[in-house]
Asks: 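The structure's right below; bear with me while I get my questions together.
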Amino acid sequence: MQTANFALRRSRRRVSVTARQLGMTLIEIMVVVAIISLIMGGIGLMAFNRFQDAQLGTARTELTKIKGAIETYRVNKRGKCPKTMEDLKAAGIIDKVAKDPWGTTYEFKCPGEKDQVDVISAGPDAEMGTSDDIASYDDTNAKEEDEGK
């Protein structure tokens, strides 16, 4: 009988020691959470940068499309320039008045100051006339520089 009690106590002791070893301390959990947070922060930063690059690319693509629509309007109207984006829509050249990725309406000058047609987006700050504006003639100059290299 004593050997049975001794064996039972011994097995309980093993189970309780094993259960303690399987658990994690609060510090271990905090370290794991900190590591995961650092990894997620790095991934979030990279994704945000990619998102900003995508917005800039979308704006440049839209500038090209709008410039093409204005040139189509000029061909159809024998050189006459549209005054607003609504004129392009009324002529059936575009389906809707496009806004840039930051929610502002594209502006254009026809005839332009630097090209036949200048199309401009206000850029990320949504204000015209600042350094982050995106213009159709910037793309033309960038292509010419790339071709010269």
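Computed from heavy atoms alone, side chains included, the values below leave out hydrogens, waters and symmetry copies.
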Asks: State, to 0.1 Å, how close Leu63 and Ser121 come at their nearest heavy-atom pair, and which atoms those are.
Replies: CD2-N, 4.0 Å
Asks: Which pair of non-hydrogen atoms, one from Ile70 and one from Cys110, has the smallest distance, and what is that distance?
Replies: CG2-SG, 4.2 Å
Asks: Ignoring hydrogens and geometry, is there a side-chain-to-backbone donor-acceptor pair from Asp118 to Ser136 under 3.5 Å?
Replies: no
Asks: In the hydrophobic clustering that connects Ile, Leu, Val, Met, Phe, Trp and Tyr at side-chain heavy-atom distances below 4.5 Å, which members other than Phe48 occupy its cluster, ordered by chain and number?
Replies: none
Asks: Any side-chain to backbone donor/acceptor pair from Thr64 onto Arg60? Under 3.5 Å, distance only.
Replies: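 The answer is yes, because a donor-acceptor pair under 3.5 Å joins these two groups.
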Asks: For residues 71-82, please give each side-chain donor-acceptor pair under 3.5 Å, one per line with the distance, not counting sequence neighbours.
Replies:
| unit_1 | atom_1 | unit_2 | atom_2 | d |
| --- | --- | --- | --- | --- |
| Thr72 | OG1 | Gly68 | O | 2.9 |

Asks: When rounded to the nearest 0.5 angstrom, what is the spacing between OG1 in Thr105 and CD1 in Ile120?
Replies: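 Result: 13.5 Å between the selected atoms.
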Asks: Quick check for you: to the nearest 0.5 Å, what is the distance between Lys99 atom NZ and Met85 atom CE?
Replies: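 Nearest 0.5 Å value for the NZ-CE distance: 11.0 Å.
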Asks: More than 12 foreign heavy atoms under 6.0 Å from CD1 of Ile27: is that the case here?
Replies: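 No, the 6.0 Å shell around CD1 holds no more than 12 heavy atoms from other groups.
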Asks: Considering all heavy atoms of both residues, which atom of Glu28 and which atom of Met24 are nearest to each other, and what is their separation?
Replies: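 Scanning both residues completely, I find the closest heavy atoms to be OE1-CA, 3.3 Å.
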Asks: Let me check something: any side-chain donor-acceptor pairs from residues 86-97 under 3.5 Å, sequence neighbours excluded? List them with distances.
Replies:
| unit_1 | atom_1 | unit_2 | atom_2 | d |
| --- | --- | --- | --- | --- |
| Asp87 | OD2 | Lys83 | N | 2.8 |
| Asp87 | OD2 | Thr84 | N | 3.3 |

Asks: Starting from the C-alpha separation in whole Å, work towards a yes-or-no answer on side-chain contact (heavy atoms from CB on, under 4.5 Å) for Val119 and Glu107.
Replies: CA-CA 6 Å; Val119 185; Glu107 293 184 11; over 6 Å; no
Asks: I need the Met30 CE to Leu26 CG distance, nearest 0.5 Å.
Replies: 5.5 Å
Asks: Rounded to the nearest 0.5 Å, what separation is found between the OH atom of Tyr106 and the NZ atom of Lys67?
Replies: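 If I round to the nearest 0.5 Å, the distance is 14.5 Å.
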Asks: With a sphere of 6.0 Å drawn around CD of Glu113, does it hold more than 12 non-hydrogen atoms of other residues, nucleotides or ligands?
Replies: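 For Glu113, atom CD is not crowded (no more than 12 foreign heavy atoms under 6.0 Å).
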Asks: Once rounded to the nearest 0.5 Å, what's the spacing between atom OG1 of Thr58 and atom CD1 of Ile134?
Replies: 9.5 Å
Asks: Taking atom CD1 of Ile66 and atom CG of Asp100, what is their separation to the nearest 0.5 Å?
Replies: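 Rounded to the nearest 0.5 Å, the CD1-CG separation comes out at 9.0 Å.
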Asks: Looking only at heavy atoms, which two atoms of Glu62 and Ala98 are closest? And how far apart?
Replies: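 Where Glu62 meets Ala98 most closely, the heavy atoms are OE1-CB, 3.8 Å.
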